[in-house]
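Because the structure is a prediction, the values reported are computed rather than measured.
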Amino acid sequence: MIQLDKQYEPGEVEKRWGRFWEEKNFFHADETRESPAFSIVIPPPNITGRLHIGHAFNNTLQDILTRWKRMQGCNALWQPGTDHAGIATQNVVEKQLHEEGADRQDLGREAFVKRVWKWRNESGGTITNQLKKLGCSLDWERDRFTMDEGLSKAVREVFVSLYEEDLIYKGDYIINWCPRCHTALSDLEVEHQDMQGYLYHLKYSVKDSDDFLVIATTRPETMLGDTAVAVNPNDERYQKYKGKKLILPVLNREVPLIEDDYVDTSFGTGALKVTPAHDPNDFELGRKHQLETINIMNPDGTMNSLAGPIYEGLDRFECRKKLISNLKDSGILIKIEDLNHSVGHCYRCRTVVEPYLSKQWFVKVKPLAQPAMKAVRDGSIKIVPKFWENTYFEWMENIRDWCISRQIWWGHQIPAWNCNTCGEVVVARETPNSCSACSSTDLVQETDVLDTWFSSALWPFSTLGWPEKTASLKRFYPTSVLCTGFDILFFWVARMIMMGLKFMGDVPFKDVYIHALIRDAEGQKMSKTKGNVIDPLEVMEKYGTDALRFTLAAFAAQGRDIKLAEDRIEGYRNFCNKLWNASRFVFMNLEDYKGSCVLDKRSKFSSADLWILSRLNRATKEVNEALEAFRFNDAALTVYKFIWNEYCDWYIELTKSKLASPGRERVAAQNMLIHVLDSALKLLHPFMPFITEEIWQKLPQDENSIMVSPFPEYREAQTNEAIEKEMALIMEVITGIRNIRGEMNLNPGLKLNVLVKTQSSETQQTLKYHGEYVRELARVEKLEAGSNVVKPKVSASSVLGEMDLIIPLEGMMDFQEERNRVEKELKKIEKDLIFLDKKLSNPNFVKKAPVDIIEKDEQRKKSLSLKQVKLEIHLKTIEQGLC
RNA sequence: AGGCGCGUAGCUCAGGGGUAGAGUACUUGCUUGACAUGCAAGGGGUCGGCGGUUCGAAACCGCCCGUGCCUACCA
């Protein structure tokens with residue numbers, strides 16, 4: 001006989017089954033298998049990452065889908081992998097070097113990259129192991145890394161193809177530069193933050209005149225690179241200076257006054273200093289008006305020689321300080337205003353980014369964006385929840401070219417070679433030996449690497465073997481669902497759609513499920529710097545992995561951020577224990593059971609048996625439907641309620657009388673208990689893989705693992721309305737009795753006699769037939785039901801539908817308690833009747849409302865009135881007793 | 001500056017044109033032979049405010065207040 005401990009202890013169980021699944025290779029998807037494919041690619045976590053609550057959430061949802069589909073018989077692939085995270089990883093290793101008193105320049109490129117690989121091989125797998133702990137059923141055999149040979153080949157293929165089609169180009173443009181990471185960033189990699197800054201008003205004198213113009217700027221140090229001042233052509237104030245030159249303070253350079261209606265007359269003074277090398281707008285103005293560009297900054301954010309001898313070598317912010325101080329002394333600075341404006345920061349290191357003119361590589365995105373928008377518009381890709389589609393379209397419509405070159409060492413080096421002899425740029429799939437133009441062998445490869453997101457954009461097909469035409473690619477592409485947070489909708493999702501369509505000729509996934517972000521109890525985004533992180537590993541340690549997973553699923557309602565509360569996790573930990581103990585009860589009653597979990601058609605099933613089967617069937621339907629629609633919370637709560645509120649609270653209790661003595665009813669109950677437990681465990685398995693496997697393995701069944709057993713399906717014939725109605729009546733009577741017992745503070749152990757007065761012969765039959773249930777669950781000695789029941793003077797009573805529930809209490813009646821109870825009830829009835837009366841006496845309601853609503857209300861009014869009359873009579877007898 | 005969410009029980013959150021639900025917390029009573037990480041019963045909400053549509057609004061629409069986020073070339 002199988003005995004369970006009194007409490008569920010997750011720690012050891014999780015380790016054991018985690019190992020078991022991996023050993024049995026259950027997570028593996030075989031590309032040669034013919035069953036319908038279901039595939040998901042994991043959003044590859046950074047190799048620098050540690051599992052945070054967002055990962056836990058994201059991956060729990062994917063695992064739920066994967067396990068569910070796998071159990072449904074699909075050839076289910078959940079593709080694992082990690083991302084090389086160029087800047088982030090380089091930063092980690094550079095920091096290490098720094099601690100050793102060195103920097104990457106000391107090592108040189110080759111040695112540095114080698115060092116990063118070493119770090120990756122030693123520490124890059126942390127998150128992989130943590131995902132295993134979370135129970136993720138990823139096909140580890142297929143683990144990929146964005147810097148793998150195969151994926152690198154894919155990157156080259158895509159780069160060269162795009163270049164050949166003129167969709168990749170190189171040029172001098174203003175980009176976002178991080179002076180700390182020493183690299184260009186794409187627009188997306190800049191995080192804007194509102195900051196309190198200053199608007200400095202500076203005097204620029206007009207050449208050959210005593211007049212001056214006042215310009216306003218937030219970044220005064222850039223004036224050293226000014227090559228013009230712009231005003232609006234319609235601005236009255238500046239008409240008289242048309243065509244004049246201005247003298248740039250400090251450097252005393254002559255700059256022209258140009259006119260452009262881009263200039264907003266209402267901002268600042270209406271006069272705009274123009275620095276084409278250090279501001280994106282000024283860059284555009286500069287091109288339009290053919291202005292000179294003067295780059296006054298070094299890549300590390302210090303000023304270069306063009307900034308003049310006083311400022312050369314100073315950091316940009318020191319320069320600002322010193323410059324302002326000097327300008328103040330020389331009377332150039334007129335005033336300083338407070339200004340709240342948004343400042344861009346590097347998303348990897350939080351340094352203020354600098355708009356910076358430099359030579360970079362770009363992807364021409366517009367031609368790729370068109371089909372990507374169409375795919376979503378025509379439904380080839382569905383974004384769930386739908387409202388994210390708007391965000392997607394808005395971004396795609398305004399998309400600008402994507403800066404893909406990064407001046408770092410860790411990443412895919414751009415497959416372009418510069419010929420030192422003739423200056424030709426050779427872009428090739430294979431490393432060329434000689435220049436395609438002049439045959440010189442003096443070729444030097446481009447030092448820049450590609451944006452990490454460039455390789456991520458290929459993820460859904462590069463992981464499956466592309467550019468080779470693999471069987472996996474054929475079987476699993478397009479993938480079924482992409483599951484991710486909205487924070488990388490543009491970074492990643494949009495780009496995968498563009499690249500998938502371009503290179504595979506098909507969408508990379510059919511559904512995109514966008515889930516919420518997890519925040520702390522105050523609604524703040526969790527971050528290490530704020531110190532408000534919830535560590536999922538700690539939670540798993542304390543409450544068990546299943547409890548965490550279930551909590552996350554229960555919170556996963558669509559379209560709302562999640563404020564994670566620890567007491568919810570505790571609640572679901574208790575649910576694990578509840579399930580554990582229900583199972584414990586079942587096993588305690590199986591010692592003489594010879595059957596299996598399969599329903600035995602010849603069994604003599606009781607009404608309770610058929611009832612739970614019917615309820616199980618409904619729950620099964622709801623779980624499948626909810627998961628189909630990505631309503632994880634509905635699915636989770638349905639299983640929860642079924643197990644706790646139906647199986648445990650009612651069914652187990654109802655079986656106790658049947659189990660009490662040997663016989664056909666006992667066997668039937670045993671059969672149904674384990675059949676339903678088996679199914680419930682399966683329904684719960686995708687959410688709580690560990691505890692379900694642990695219990696399920698002890699059930700009499702001959703399959704290998706619950707994770708590869710068939711998921712329950714809805715069966716029309718198992719829904720039994722008549723039985724559900726019958727049992728609802730029984731439960732109503734039981735609850736009615738318990739209510740009186742509780743409200744009147746009657747001793748729980750006290751056996752009561754109960755009379756039910758009812759005109760319905762059906763009700764009489766049901767109560768007669770199932771009297772045992774009532775006697776057991778409501779602690780009743782004698783139960784009598786009939787139309788001529790006589791109510792003793794000293795009794796408690798309530799009205800349940802058309803039934804009068806009467807509990808004789810001769811000698812133990814607390815009249816005051818009973819009066820309070822009945823008066824409370826009457827008060828509520830009165831309130832309801834007033835409401836209904838008002839509604840039903842409204843001629844418009846009767847005229848316009850649907851018939852079934854009117855009928856329902858009329859029915860309710862009738863039964864409430866009847867109940868009221870009965871209770872008032874009862875109240876009178878009580879009051880007699882009080883005198 | 002535009003755009004998108006959210007505001008429901010003390011707390012954390014579901015729901016959604018026909019008189020409000022869960023978990024947790026709270027009150028009362030229970031060492032009932034699965035479970036005190038439990039059982040039974042109970043209290044608790046003019047569903048942010050104001051208008052509108054409707055026979056009927058917490059739900060749909062508009063405005064306002066509060067709150068969170070995203071996008072943007074706010075010198």
**Close side-chain approach of A/M672 and A/T655, heavy atoms under 4.5 Å** = no
RNA chain B nearest-nucleotide lookup for A/D832 and A/D187: closer to the 5′ end is A/D832
Taken to the nearest whole Å, CD1/A/I674 to P/B/A34 is 18 Å
(message) Tell me if the NZ atom of A/K656 is crowded by more than 12 foreign heavy atoms within 6.0 Å.
(response) yes
| Nearest-angstrom distance, P atom, B/G68 to B/G51 | 28 Å
Residue pair A/E570 / A/R573, side-chain heavy-atom distance below 4.5 Å
yes
Review point. What does A/C648 touch in the nucleic acid at a heavy-atom separation under 4.0 angstrom: a base, only the sugar-phosphate, or nothing?
Key: base
message = Under 3.5 Å, is there a donor on one side chain and an acceptor on the other for A/Y347 and A/E189?
response = yes
message = On the six-membered ring of A/Y640, is A/K578 placed so that its NZ or CZ lies under 6.0 angstrom from the centre and within 45° of the ring axis?
response = no
To the nearest angstrom, the CZ-P distance between A/F490 and B/G3 comes to 15 Å
Ranking B/A75, B/A34, B/C13 by distance to the side chain of A/F555, first place goes to B/C13
Of the candidates B/G5, B/G38, B/U37, the side chain of A/K578 sits closest to B/G38
Considering only heavy side-chain atoms of A/E743, the closest of B/A72, B/G42, B/A14 is B/G42
> Does A/R219 come within less than 4.0 Å of A/E354, counting only side-chain N to carboxylate O?
Replying inline: yes
Could you tabulate the donor-acceptor pairs under 3.5 Å formed by side-chain atoms of residues 730-740 of chain A, not counting sequence neighbours?
unit_1: A/T735; atom_1: OG1; unit_2: A/M731; atom_2: O; d: 2.7
unit_1: A/R738; atom_1: NE; unit_2: A/L777; atom_2: O; d: 3.4
unit_1: A/R738; atom_1: NH2; unit_2: A/L777; atom_2: O; d: 3.3

Considering only heavy side-chain atoms of A/N581, the closest of B/A34, B/A14, B/U37 is B/A34
Re B/A34: Watson-Crick or G-U wobble partner, both distances kept under 3.5 Å, found to be none
In whole angstroms, the gap separating P of B/G5 from CD1 of A/I518 amounts to 21 Å
Give a yes or no on whether a salt bridge exists between A/E818 and A/R821, defined as a side-chain N under 4.0 angstrom from a carboxylate O.
yes
Note: for A/D649 and A/T391 on RNA chain B, the residue whose nearest nucleotide lies more 5' is A/D649
With rounding to whole Å, what would you report as the distance between B/C13 and B/U8 at their P atoms?
-> 9 Å
Looking only at B/A75, B/C74, B/U37, the nucleotide nearest the A/R573 side chain is B/U37
The salt bridge (Lys or Arg N to Asp or Glu O under 4.0 Å) partners of A/R320 (sequence neighbours excluded) come to A/E221
Separation of B/C35 atom P from A/L673 atom CG, nearest Å, is 16 Å
Item to complete: Report which part of the nucleic acid A/K838 touches: base, sugar-phosphate, or nothing (heavy-atom distance under 4.0 Å, all strands).
Response: nothing
Heavy-atom contacts, protein to nucleotides 52-61 of chain B, under 4.0 Å, summarised as B (base), S (sugar-phosphate only) or - (none) per nt, yield ---B------
So, with a heavy-atom separation below 4.0 Å from RNA chain B, the residues of residues 3-11 of chain A are A/K6, A/Q7
Test side chain to side chain donor-acceptor pair (under 3.5 Å) on A/E566 and A/Y543; report intermediate values, then the result. CA-CA 10 Å; A/E566 195 162 325; A/Y543 298 104; 2.8 Å; yes
In whole angstroms, the gap separating P of B/A1 from CG of A/N340 amounts to 11 Å
In Watson-Crick or G-U wobble terms, with both distances under 3.5 Å, the base opposite B/A59 is none
Here the distance between atom P of B/C11 and atom CD1 of A/I562, to the nearest Å, is 20 Å
Paired with A/D857, the salt bridge (Lys or Arg N to Asp or Glu O under 4.0 Å) test is passed by just one of A/K838, A/K839, A/K862, namely A/K839
A/S342 has its side chain closest, among B/C74, B/G18, B/A41, to B/C74
Partner of B/A40 under the Watson-Crick or G-U wobble criteria, both distances under 3.5 Å, comes out as B/U28
Residue set satisfying salt bridge (Lys or Arg N to Asp or Glu O under 4.0 Å) with A/R237, at least two apart, ordered chain then number -> A/D235
Sugar-phosphate only, base, or nothing, as touched by A/S583 at under 4.0 Å among non-hydrogen atoms: nothing
Between CZ of A/F486 and P of B/C6 the distance, given in whole Å, is 13 Å
Contacts under 3.5 Å, N or O only, protein and nucleotides 22-33 of chain B:
unit_1: B/U24; atom_1: O2'; unit_2: A/D567; atom_2: OD2; d: 3.2

- request: Just call it for A/A554: base, sugar-phosphate, or nothing, with non-hydrogen atoms closer than 4.0 Å on any strand.
  value: nothing
Carefully, step by step, assess A/D187 and A/N176 under the rule side chain to side chain donor-acceptor pair (under 3.5 Å). CA-CA 7 Å; A/D187 296 335; A/N176 306 289; 3.1 Å; yes
With sugar-phosphate meaning primed atoms plus P, OP1 and OP2, does A/D264 contact a base, only sugar-phosphate, or nothing at under 4.0 Å between heavy atoms?
base
When both distances are under 3.5 Å in a Watson-Crick or G-U wobble arrangement, the nucleotide paired with B/A1 is B/U71
Q. Is any NZ, NE, NH1 or NH2 atom of the basic residue among A/E622 and A/R631 found under 4.0 Å from an Asp or Glu carboxylate oxygen of the other?
A. yes
Here the distance between atom P of B/A40 and atom CE of A/M731, to the nearest Å, is 12 Å
Any strand, both distances under 3.5 Å, Watson-Crick or G-U wobble: B/C6 pairs with B/G66
